[in-house]
Novice: 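Dropping the structure in here first, questions after.
Just so you know, ligand 1 is whichever comes first in the structure, and atom 1 is the first atom listed for that ligand. Treat the numbers as computed from the prediction; the structure is a model and nothing was measured.
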Amino acid sequence: MRLIPVASLLCLSSLVKAYTYGWGTSWSIGLTPSSSIIEARTTFIPGVPPDPATQYGEIYLWPGLTNGTGDLLQTTIEQWPDQSWCGGTAGQWCLRTSVFGKSGQFDGAFAPLSANQPVTITFQRSANKTSWTQTAAVDGKVISQLTSPSGPMTGWGVATECVDDCSPAVSTQTYLDTKIVLEKADPTFGETTKVGIAGAGTVVSGLRSLEGGKVWHIAKITVPKSA
Ligand SMILES: *[C@@H]1O[C@H](CO)[C@@H](O)[C@H](O)[C@H]1NC(C)=O
Ligand SMILES: *[C@@H]1O[C@H](CO)[C@@H](O)[C@H](O)[C@H]1NC(C)=O
């Protein structure tokens, strides 16, 4: 479905030059050598999609996991001019789990998501430490899932991305009860937060650590609608 590569959180500036992207807010934590992640979970409330009558491009909202050079795991909440590809109707989002890397993009199932519907998105490293399973669930029911052999991951973040002159985000987005579990306790993980291009306006509240910095909680991340 997607014809244009999506940037990793680290590659925003180079891709902005190469493609006619528009970026809203991005925000990330980690991406240091000592921040090996084994699990990341959040509950995302996407707000309402733009008016389909004025939507010419594609808007993507997503939490993702990366190490800066390898795969980008991202569960995207999208709106296209026509949402029938995921079984959606006007006024709904489309969701898919996906992995983006050197060998291209691979997707889990496509699923429609109603406006303001909370969806829990989990990235879980496998017991053998080499694979990741990303799962999107609504009311405890899995709607999309994908396992990929993506190796070590060090950074988690959120982004809004606008392709082909899309209608930008018209609604505030919220990430609730984010939990990130590290391989080893890292008391400095909370100091690694970064905002991306046009990152101003994202509000992060309730960042705290447990177990000496092994488990990190972020109570709420609020991403404003596009300016
Ligand atoms: C990032 O992932 C790639 C692919 O698995 C791996 O080769 C590389 O060593 C990883 N980098 C870090 C810093 O973990
Ligand atoms: C690691 O575990 C995952 C999930 O169970 C599995 O899909 C993958 O094939 C395993 N990889 C190896 C190298 O055993």
Side-chain angles (χ1 to χ4, degrees), residues 2 4-16 18-19 21 23 26-42 60 62-76 95-111 119-138 140-159 161 178-197 199 207 209 211-218:
R2 180 183 299 162
I4 302 174
V6 169
S8 81
L9 292 171
L10 278 186
C11 296
L12 299 182
S13 53
S14 59
L15 280 168
V16 163
Y19 301 102
Y21 276 107
W23 285 91
S26 68
W27 182 90
S28 68
I29 188 166
L31 281 172
T32 73
S34 60
S35 60
S36 185
I37 293 171
I38 59 176
E39 182 188 340
R41 171 190 304 258
T42 193
Y60 299 86
W62 49 271
L65 198 62
T66 180
N67 76 20
T69 60
D71 286 350
L72 173 63
L73 308 183
Q74 48 173 191
T75 297
T76 50
L95 175 146
R96 62 176 132 178
T97 48
S98 71
V99 58
F100 198 83
K102 286 194 177 72
S103 35
Q105 181 176 351
F106 300 91
D107 295 323
F110 305 156
V119 54
T120 298
I121 297 166
T122 308
F123 302 98
Q124 177 82 54
R125 196 178 70 177
S126 63
N128 63 29
K129 303 189 178 183
T130 62
S131 292
W132 285 86
T133 297
Q134 51 181 303
T135 305
V138 169
K141 183 169 168 277
V142 174
I143 59 170
S144 184
Q145 190 168 56
L146 183 64
T147 298
S148 55
S150 297
M153 290 290 157
T154 58
W156 181 91
V158 305
E161 186 184 359
T178 301
K179 177 186 174 190
I180 298 170
V181 183
L182 302 180
E183 176 109 64
K184 292 194 204 105
D186 176 4
T188 67
F189 187 68
E191 296 156 24
T192 60
T193 64
K194 289 186 199 73
V195 291
I197 297 171
L207 173 67
S209 65
E211 300 175 37
K214 183 171 170 59
V215 178
W216 290 80
H217 280 280
I218 307 166

Novice: Can you check whether E39 reaches F123 side chain to side chain, under 4.5 Å on heavy atoms?
Specialist: no
Novice: Please work out which of T147, N128, T130 has its closest non-hydrogen atom nearest to atom 14 (O) of ligand 2.
Specialist: N128
Novice: Which is it for D71 and ligand 1 at heavy atoms under 4.0 Å: side chain, backbone, both or neither?
Specialist: neither
Novice: Could you check whether any side-chain N or O of W156 sits under 3.5 Å from a backbone N or O of P63, counting only pairs where one atom can act as donor and the other as acceptor?
Specialist: no
Novice: Looking only at N/O atoms, are S131 and ligand 2 under 3.5 Å apart anywhere?
Specialist: no
Novice: To which protein heavy atom is atom 5 (O) of ligand 2 closest, and what is the distance rounded to 0.1 Å?
Specialist: S126 CB, 4.6 Å
Novice: Identify, for atom 9 (O) of ligand 1, the protein heavy atom at the shortest distance, and state residue, atom and that distance.
Specialist: P152 CG, 4.7 Å
Novice: I would like to know whether Q134 and T97 meet side-chain hydrogen bond (donor to acceptor under 3.5 Å, both in side chains); could you show each step before the answer?
Specialist: CA-CA 7 Å; Q134 51 181 303; T97 48; 5.0 Å; no
Novice: Supply the atom-to-atom distance F189 CZ to K214 NZ, rounded to the nearest 0.5 angstrom.
Specialist: 12.0 Å
Novice: What about N67: any of its N or O atoms under 3.5 Å from an N or O on ligand 1?
Specialist: yes
Novice: S150 heavy atoms, cut-off 4.0 Å: which ligand 1 atoms fall inside?
Specialist: 5 (O)
Novice: Under 4.0 angstrom from ligand 1, any heavy atom of P33?
Specialist: no
Novice: Should S34 and D186 be marked as a side-chain hydrogen bond (donor to acceptor under 3.5 Å, both in side chains) after you check the CA-CA gap, both sets of side-chain angles, and the distance that decides it?
Specialist: CA-CA 7 Å; S34 60; D186 176 4; 3.3 Å; yes
Novice: Kindly say whether Q74 contributes a backbone atom to a donor-acceptor pair with the side chain of S98 at under 3.5 angstrom?
Specialist: yes
Novice: Does the protein come close to atom 2 (O) of ligand 2 - that is, does one of its heavy atoms sit below 4.0 Å from that atom?
Specialist: yes
Novice: Any atoms of ligand 1 less than 4.0 Å from a non-hydrogen atom of T69? List them with their elements.
Specialist: 1 (C)
Novice: Could you give me the CA-CA distance, side-chain angles and deciding distance for Q124 and T133, then say whether side-chain hydrogen bond (donor to acceptor under 3.5 Å, both in side chains) is met?
Specialist: CA-CA 5 Å; Q124 177 82 54; T133 297; over 6 Å; no
Novice: Does the S126 side chain pair with the main chain of S131, one donor and one acceptor, at a distance under 3.5 Å?
Specialist: yes
Novice: Right, does atom 7 (O) of ligand 1 have protein non-hydrogen atoms nearer than 4.0 Å?
Specialist: no
